[in-house]
Amino acid sequence: MKNNILFFKQIFFFTLSLFAINRLVFLLPALKQAQEKFHFPIAFLFLLFFVLSSLILFIVKKVSEKSFDNTGMVFMIATFIKTGIVYFIIKPILNLPNHQIEKTNCLIVFMCFLAIETIITIGILNKKQ
């Protein structure tokens, strides 16, 4: 249970840090105007990715405790499902013209969360060796 809280804290502080950096970037005048036209607020994106990443890490941790050999496969399947969910949620902005900044922001946030999930999962896999 203590380890589950540790993973939750890691992803929570990562989310807060990344959110603060993202908000600071969008304080620049040119980007601030673009942000006002965003289809999804930045806070919604971070909440979405935080919930999905927390869920993935919780599932991966539980699987590693029950059946360690399947941990990597569960992580890959969960990440694949997350990608599909995110695609269908952000699909409305993919077809919008002149929303390149929002598309890029979504991609960068997705990649950052994927990186932290991968790093934490690697830590889970290395602890059993």
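Values below: every heavy atom of this structure, side chains too, minus hydrogens, waters and symmetry copies. By convention here, the first residue in the shown sequence is residue 1.
Using a 4.5 Å heavy-atom threshold, the side chains of T83 and F110 count as touching. Contact annotation: the side chain of F68 approaches that of L125 to within less than 4.5 Å [non-hydrogen atoms, C-beta and beyond]. L45 has its side chain within reach of N105: a pair of non-hydrogen atoms, C-beta onward, lies under 4.5 Å apart. Using a 4.5 Å heavy-atom cutoff, the side chains of L28 and K32 are not in contact.
Linking ILVMFWY side-chain heavy atoms closer than 4.5 Å, directly or via other members, places F80 and V60 in two distinct hydrophobic clusters. Side-chain heavy atoms closer than 4.5 Å link hydrophobic residues (I, L, V, M, F, W, Y) into clusters, and following such links, even through other members, never connects L94 to L96. Hydrophobic clustering (side-chain heavy atoms under 4.5 Å, transitive across Ile, Leu, Val, Met, Phe, Trp, Tyr) keeps I21 apart from L27. I122 and F113 sit in two unconnected hydrophobic clusters of ILVMFWY residues. Membership requires side-chain heavy atoms under 4.5 Å apart, directly or through other members. Under the 4.5 Å side-chain contact rule for hydrophobic residues, V25 and F38 share a cluster.
Between K37 and E102, the closest heavy-atom pair is O-OE1, 4.5 Å. Counting all heavy atoms, side chain and backbone alike, S64 lies closest to T71 at CA-OG1, 3.2 Å.
In this structure a side-chain-to-backbone donor-acceptor pair under 3.5 Å is missing from Q10 to I120.
Atoms CD1 and CD1, from I119 and I11 in turn, are 10.0 Å apart once rounded to the nearest 0.5 Å. One distance of note links OG of S17 with CD1 of I116; it measures 9.5 Å at 0.5 Å rounding. Atom CG of L48 sits about 4.5 Å away from atom CD1 of I89, to the nearest 0.5 Å. Taking CG of L107 as the reference point, atom CD of Q100 lies at 9.5 Å (rounded to 0.5 Å). Atom CD1 of I81 is separated from atom CD1 of I77 by 7.0 Å, given to the nearest 0.5 angstrom. Between atom CG of residue L18 and atom CD1 of residue I42 there is a gap of 10.5 Å, rounded to the nearest 0.5 Å.
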Side-chain donor-acceptor contacts of residues 51-59 below 3.5 Å, not counting sequence neighbours, with atom names and distances?
from, atom 1, to, atom 2, distance (Å)
S53, OG, F49, O, 2.9
S53, OG, K82, NZ, 3.4
S53, OG, E117, OE2, 2.4
S54, OG, F50, O, 2.8

Subject >> Steps toward side-chain contact (heavy atoms from CB on, under 4.5 Å) verdict (F40, C106) >> reply: CA-CA 10 Å; F40 295 114; C106 288; 5.6 Å; no
**OP:** Report the C-alpha distance between V63 and F75 in whole Å, list the side-chain angles of each, state the deciding distance to 0.1 Å, and finish with yes or no for side-chain contact (heavy atoms from CB on, under 4.5 Å).
**Re:** CA-CA 9 Å; V63 168; F75 173 72; over 6 Å; no
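The 12-atom threshold is exceeded at CZ of F44, counting heavy atoms of other residues, nucleotides or ligands nearer than 6.0 Å. Counting non-hydrogen atoms of neighbouring residues, nucleotides and ligands closer than 6.0 angstrom, the NZ atom of K103 exceeds 12 such neighbours.
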